[in-house]
There are 2 protein chains.
Amino acid sequence: MKQNKKPSRLSKAIVEMAKDMRSGDMVDEETYKKITSRHLGLKEKVDVETLTGDDIRAMREQAHMSQSVFAHYLNLTADYVSKLERGLKHPKGPALVLLNVIHRKGIETITG
Amino acid sequence: MKQNKKPSRLSKAIVEMAKDMRSGDMVDEETYKKITSRHLGLKEKVDVETLTGDDIRAMREQAHMSQSVFAHYLNLTADYVSKLERGLKHPKGPALVLLNVIHRKGIETITG
DNA sequence: GTAATTATAGTACCATAAACTATAGTTGCA
DNA sequence: TGCAACTATAGTTTATGGTACTATAATTAC
């Protein structure tokens with residue numbers, strides 16, 4: 001298991017700077033350093049919440065889509081969506097991240 | 001599954017209306033019907049492009065992240081990202097959609 | 001009526017993705 | 001300088017997320 005080490009003061013500044021520049025779009029892409037896990041205090045924990053079947057169903061109904069249509073946009077099968085909503089399967093990895101994006105920012109993020 | 005109230009015969013207009021209302025944000029969520037695959041003429045084709053290893057590497061470098069950090073945000077392993085970039089593995093399903101979102105809308109979509 | 005949907009259900013199965021190891025080059029810090 | 005910790009590649013093995021298949025009941029459009 002990895003140690004989540006203390007992020008150094010300089011490293012932390014780099015990350016913040018990179019973030020500002022990137023979002024502000026004021027500096028060209030090549031001027032700032034690459035963000036490595038040395039800079040971020042990367043721990044094992046990922047900032048995604050585990051969504052329950054009810055959560056997923058609520059998201060889908062909020063989007064007013066059938067399982068089939070919802071699955072289509074997520075590049076999944078309707079079959080699998082049904083299983084997710086009933087708690088028979090649990091999304092992990094990239095699928096979980098994708099569902100989190102929809103949950104936080106809406107389905108338009110991927111449809112539009 | 002209970003449907004809202006009156007069964008209406010209009011089908012095609014509903015989708016357009018729903019789309020307008022959703023984007024316009026003028027009508028509450030419960031007033032329009034659910035979008036089903038009967039309304040959308042959707043079959044097998046998903047609107048995601050297959051990304052090459054070089055594409056993925058370019059995306060990561062544009063985000064100025066190491067494979068490790070990039071993988072972290074996508075909820076993947078650095079190992080797998082390496083294989084994707086070298087073309088040893090090919091993303092499909094939800095992973096492909098997620099990469100497409102990043103490709104079209106930027107990494108901030110999932111980091112922020 | 002009836003044909004095409006939606007949703008659930010159970011099983012079998014495969015490729016993605018993880019886990020593990022190892023190697024070589026690079027970077028940060030004392 | 002030295003060295004620890006990182007990045008990236010590489011090969012092999014393993015596990016499970018997600019698919020495919022089939023079937024049933026209820027709903028909806030024509």
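Here is how names work: the chains are called A, B, and so on, in the same order as the sequence lines, proteins then strands, and each is numbered from 1.
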| message | Could you walk me through whether D55(A) and T52(A) satisfy the side-chain hydrogen bond (donor to acceptor under 3.5 Å, both in side chains) test, starting with their C-alpha distance in whole Å, then the side-chain angles of each, then the deciding distance to 0.1 Å, before giving a yes or no? | response | CA-CA 5 Å; D55(A) 289 333; T52(A) 68; 3.1 Å; yes
| query | Between R60(A) and dA7(C), is there a side-chain N or O to OP1/OP2 distance below 4.0 Å? | reply | yes
| Is I56(A) close to P91(A) at the side-chain level, that is, under 4.5 Å between some pair of heavy atoms? | yes
| query | Whole-Å distance between dA7(C) C1' and M65(A) CE? | reply | 17 Å
| field | Between P of dT19(D) and CG of L74(A), the distance in whole Å | value | 10 Å
| query | Does a nitrogen or oxygen in the side chain of R57(B) sit under 4.0 Å from OP1 or OP2 of dT7(D)? | reply | no
| task | Respond yes when some side-chain nitrogen or oxygen of Q67(B) is under 4.0 Å from OP1 or OP2 of dT9(D), and no when none is. | result | yes
| Polar side-chain contact D79(B)-dA19(C) base: donor and acceptor under 3.5 Å | yes
| query | Below 4.5 Å, heavy atoms only, C-beta onward: do L99(B) and L74(B) meet side chain to side chain? | reply | yes
| query | What are the two closest non-hydrogen atoms of R60(A) and M65(A), and how far apart are they? | reply | NH1-O, 2.9 Å
| query | With a 4.5 Å limit on heavy-atom distance, are the side chains of D79(B) and S82(B) in contact? | reply | no
| request: Given side-chain contact (heavy atoms from CB on, under 4.5 Å), test Y73(A) with V97(B) step by step and report yes or no. | output: CA-CA 8 Å; Y73(A) 284 118; V97(B) 174; over 6 Å; no
| query | Given atom CG of L84(A) and atom P of dA9(C), what is their separation to the nearest angstrom? | reply | 14 Å
| query | Under 4.0 angstrom, heavy atoms only, what part of the nucleic acid is S66(B) near: base, sugar-phosphate, or nothing? | reply | sugar-phosphate
| Got a donor-acceptor pair under 3.5 Å from the side chain of N75(B) to the base of dA17(C)? | no
| field | Intermediate values then yes/no, side-chain contact (heavy atoms from CB on, under 4.5 Å), L84(B) and L51(B) | value | CA-CA 10 Å; L84(B) 286 182; L51(B) 299 165; over 6 Å; no
| Among residues 85-96 of chain B, which contact DNA chain D at a heavy-atom distance under 4.0 Å? | R86(B), P94(B)
| task | Calculate the interatomic distance between H72(A) atom NE2 and dT5(C) atom C1'; express it in whole Å. | result | 16 Å
| request: Let me know the distance between OH of Y80(B) and P of dA15(D), rounded to the nearest Å. | output: 19 Å
| note | Taken to the nearest whole Å, NZ/K83(B) to P/dT13(D) is 13 Å
| query | How sharply is the helix from dG1(C)-dC30(D) to dA30(C)-dT1(D) bent, taking the axes over five pairs at either end and rounding to 10 degrees? | reply | 60°
| said: Does dT19(D) have its OP1 or OP2 closer than 4.0 Å to a side-chain nitrogen or oxygen of T77(A)? | reply: yes
| query | What are the two closest non-hydrogen atoms of A78(B) and S68(B), and how far apart are they? | reply | CB-CA, 3.8 Å
| query | Which whole-number value in Å describes the distance from L98(B) CG to dG18(D) P? | reply | 12 Å
| How far apart are the C-alpha atoms of Q67(B) and H72(B), what are their side-chain angles, what is the distance that settles it, and do they pass the side-chain contact (heavy atoms from CB on, under 4.5 Å) test? | CA-CA 8 Å; Q67(B) 291 179 344; H72(B) 176 260; over 6 Å; no
